[in-house]
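Following: one structure in structure tokens, then a few remarks.
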Number of protein chains: 2
Amino acid sequence: MAELTLEDIAKQVGVSRSTVSRVVNGSPNVSPEVRLQVEEAIRITGFHPNAAARSLASQRTRVIGLVLPRSVSSFFTDPFFPQLTQGIAVGCNANDLSLSLFLVTNKEDEDKIMPRISRSGMLDGILVQSGRADDPLMERLTNSRIPCVVLGRPFNHDCFNYIDVDNVKAAYSATKHLIDLGYTRIATITGSHGSTVTLDRIEGYVNALTEAGFVVQPSLISKGEFSETSGYEAMKSLLPHKPDAVFIASDLMASGAIRALQDSGLHVPEDIALVGFDDIPLAALTKIRLTTIRQPITQIGSKGVELLIDLIENGSQPPRNFILDTELIVRDSCGAKLRQKK
Amino acid sequence: MAELTLEDIAKQVGVSRSTVSRVVNGSPNVSPEVRLQVEEAIRITGFHPNAAARSLASQRTRVIGLVLPRSVSSFFTDPFFPQLTQGIAVGCNANDLSLSLFLVTNKEDEDKIMPRISRSGMLDGILVQSGRADDPLMERLTNSRIPCVVLGRPFNHDCFNYIDVDNVKAAYSATKHLIDLGYTRIATITGSHGSTVTLDRIEGYVNALTEAGFVVQPSLISKGEFSETSGYEAMKSLLPHKPDAVFIASDLMASGAIRALQDSGLHVPEDIALVGFDDIPLAALTKIRLTTIRQPITQIGSKGVELLIDLIENGSQPPRNFILDTELIVRDSCGAKLRQKK
DNA sequence: TTACAGATTGAGAGCGCTCCCAAGAATGTC
DNA sequence: GACATTCTTGGGAGCGCTCTCAATCTGTAA
């Protein structure tokens, strides 16, 4: 069968195309009887308006894009992204939006995908995961006039609408927690170089140490890149400097760090205490349950969708941002329980 | 500035809309000089054809959907799905397709999403992750005429185009491996009830045992549901029956099982040997490196895209399927190395 | 010179919808 | 009863593209 059109339904009921369109779009200006008849016809035939025609006429597609830049390489290793995606999907479903996924894996992808994203009226708006500060994608995206919400604080943050958590504060409270427990050689394993997330978390770490009167030692700052393996390596490189506690910028890296410590015959938290970041499901399941900073990952996604919808409907001046709360989840890896007993 | 149209470019170069359209679509019937001029104008203006108008006129959207049914609840816990998604995304990028993601989280979602998927001409085709056998979504999808490729063998497999691995053979080889190593009380932890994946893997397990002359003991078959926690529980419930080896239907469940064994003071592989399934990155990183069946996850995705494109272009009769190869990756958890030494 | 094939181009008719405008029906007001 | 007001409805003009068909323009052979 050929696809049904508004016109077909109209003919069937004996009204005009316009009236059927009104019913479909929930316009109030239709008499109750006619509305009922039309609705019945739509139900029986299973008619559904053609999306392309709708978009063309209304200049709205009801599709938003989620862009994960090249610099976000850990989409399929770090549970953070699937969870974020899930949050976004839920937000889309709730608002009758479709979600287009743009996973940029290399330069060619970027060149191919960009025009599809920015022009061409195929998307009403986009959500971008903020990656590295110097990611050229961000600039290309700003240049295109499409409404855009950044997930995570972008570098030039006053030009963008974004959703983020207060990474400085979160990292501060993680580090402060370790200080309060009496550790004195507190190291950190950072996220990948050049992202605001990483910068902010380092800042929070430094703030807490400074405030407590500690000297920040570069040898106790080890660079990871959000992967399990990088956590392993970073921990290994930290060991010669004898830290007694480590704040680690992601739970995935923390699990790598734990592995490194096990390989070296060290115990958590007796020999070295750890605090992670994210509170991924794994964090509560490792043998040594991870003390960590819980991010409202799903909420970041749904809040992002919400803001984007508002932008699409009401314009985006001036740029807005929402900073969501984090929470310190105390489990075993920080040694809090151990120390209490003493 | 208002969005540019074909007509604008045409006017600028002094040709007709049709000619510009020909250039944009790479039609051969354009004189080289004109083509060059038009291309130049397009380049300078940054013109990009409107997707909605294109879809409307051509009845093609160059968008495919990825549907993850409600019964696939582990999208954001099991790395399998992100990796699959990645494979699909790469396939899409390579073929200039956009990917729409439909994460069905509950019944209302399904009702809202279905019409958007099946009619409305917003998708050229869909990829569906096969979930439970009785998933009503599958039927609804078949009824809609949209080209469709199932990832994983669907229940009524002769009605569908699908991509799968030979789960029976893979599970057979995993179990056989344990048998060959001399284990005699080989248990299994299955995937979630009612999926073909689970059924097939059980079948392979049973086949191997039967072939070796073992009696299949129901008490040695424990039901999981692909989550870490379910692996933990399943392993715990298996312990009273004293298995000496376990074939586990996913690596994620295997990591739960390892945790259960650690909690019980048992050692892998000395006390109990394990073989997992999937070969997720984690498998090589656990303290006891996991012997497992490697699935070509990314390839399943890209092959799915390939088949779907073919279906869209050339119709889908008769249904086709591709069965990809798996590979047994021998690491430490099966005790092979231990046994060699003896 | 005429004819004809082949290449190149343009015009026109949609694709199925939205949205504006005006016509007509129904209701209210004095 | 005449007029204004509101509600309901239909028609038409696009949205920006594709695709068919016919027109024009070459070049070549008769």
Side-chain angles (χ1 to χ4, degrees), chain A residues 1-39 41-42 45-63 96 115-116 119-124 313, chain B residues 1-39 41-42 45-63 96 115-116 119-124 313:
Chain A
M1 80 210 170
E3 216 55 28
L4 286 166
T5 71
L6 271 190
E7 205 87 42
D8 296 329
I9 305 295
K11 220 167 279 172
Q12 222 170 91
V13 181
V15 293
S16 77
R17 191 181 14 128
S18 305
T19 302
V20 181
S21 170
R22 284 188 195 98
V23 173
V24 168
N25 293 296
S27 152
N29 302 320
V30 183
S31 70
E33 313 90 68
V34 173
R35 158 165 287 131
L36 238 53
Q37 283 181 56
V38 173
E39 277 172 350
I42 290 177
T45 55
F47 164 77
H48 203 264
N50 179 287
R54 240 177 164 176
S55 307
L56 181 57
S58 67
Q59 312 283 33
R60 285 295 262 352
T61 61
R62 301 209 65 82
V63 179
D96 246 320
R116 268 195 279 148
R119 290 164 208 286
S120 89
M122 122 178 266
L123 262 26
D124 283 349
E313 283 169 4
Chain B
M1 81 210 167
E3 216 55 29
L4 285 166
T5 72
L6 270 191
E7 206 87 40
D8 296 330
I9 306 296
K11 219 167 279 169
Q12 220 170 96
V13 181
V15 294
S16 76
R17 191 180 15 135
S18 306
T19 302
V20 180
S21 171
R22 284 189 194 98
V23 173
V24 168
N25 292 296
S27 151
N29 301 320
V30 182
S31 70
E33 314 90 68
V34 174
R35 157 163 288 130
L36 236 54
Q37 283 180 57
V38 174
E39 278 170 351
I42 291 178
T45 56
F47 165 77
H48 203 264
N50 179 287
R54 239 177 165 174
S55 307
L56 181 58
S58 66
Q59 313 282 32
R60 287 293 275 321
T61 62
R62 300 210 65 83
V63 179
D96 246 320
R116 267 194 281 148
R119 293 165 207 288
S120 88
M122 122 176 267
L123 261 26
D124 283 347
E313 282 169 2

Q) When the nearest nucleotide of DNA chain C is assigned to B:R35 and to A:S21 on a heavy-atom basis, which residue is associated with the more 5' position? A) B:R35

Q: Mind listing the closest non-hydrogen atom pair of B:R22 and B:V30 along with its distance?
A: CB-CG2, 3.6 Å

Q) Is the phosphate of D:dT18, meaning OP1 or OP2, less than 4.0 Å from a side-chain N or O of B:N25? A) yes

Q. Tell me, do B:M122 and B:V63 make a side-chain contact under 4.5 Å, heavy atoms counted?
A. no

Q | Under 3.5 Å donor-acceptor pair, A:S18 side-chain atoms to D:dG11 base atoms | A | yes

Q: Round to the nearest Å and state the distance from A:N50 atom CG to C:dC15 atom P.
A: 12 Å

Q.
Rounded to whole Å, please give me the gap between CD in B:E33 and C1' in D:dT26.
A. 12 Å

Q: Report yes if a donor N or O on one partner sits less than 3.5 Å from an acceptor N or O on the other, where the partners are the side chain of A:R22 and the base of D:dT8; otherwise report no.
A: no

Q | Nucleotide nearest A:A57 when distance is taken to its side chain, options D:dC17, D:dC15, D:dA13 | A | D:dC15

**Q.** Separation of C:dA13 P from B:L56 CG (nearest whole Å)
**A.** 17 Å

Q. Looking only at side-chain N and O atoms, does A:S31 come under 4.0 Å of OP1 or OP2 in D:dT9?
A. yes

Q.
Is there a side-chain contact between A:T19 and the phosphate of D:dG10, meaning an N or O under 4.0 Å from OP1 or OP2?
A. yes

Q | Integer-rounded Å distance: D:dC15 P and B:L6 CG | A | 13 Å

Q) Whole-Å distance between C:dC15 C1' and B:M122 CE? A) 17 Å

Q: Send over the distance from B:I42 CD1 to D:dC17 C1', rounded to a whole Å.
A: 13 Å

Q: Go through the steps to decide whether B:I9 and B:L6 satisfy the test side-chain contact (heavy atoms from CB on, under 4.5 Å), and finish with yes or no.
A: CA-CA 5 Å; B:I9 306 296; B:L6 270 191; 5.7 Å; no

Q) Taking only side-chain nitrogens and oxygens of A:S16, does any of them come within less than 4.0 Å of OP1 or OP2 of D:dG10? A) yes

Q) Is there a side-chain contact between B:Q37 and B:V15, using heavy atoms and a 4.5 Å cut-off? A) no

Q) Counting just side-chain N and O atoms, does B:S58 come under 4.0 Å of either OP1 or OP2 of D:dT18? A) no

Q: Check every strand shown and say whether A:V34 touches a base, only sugar-phosphate, or nothing at a heavy-atom separation below 4.0 Å.
A: sugar-phosphate

Q. Could you give the CZ-to-P distance, from A:R62 to C:dT18, as a whole number of Å?
A. 12 Å

(Q) Once hydrogens and angles are ignored, does a donor-acceptor distance under 3.5 Å link the base of D:dT9 to the side chain of A:R17? (A) no

(Q) Can you tell me if B:N29 touches the phosphate of C:dT9, counting only side-chain N or O atoms and a distance under 4.0 Å to OP1 or OP2? (A) no

Q: Measure from CD on B:Q59 to P on C:dG14 and round the result to the nearest Å.
A: 14 Å

(Q) For a 4.5 angstrom cut-off between non-hydrogen side-chain atoms, does A:Q12 reach A:V20? (A) no

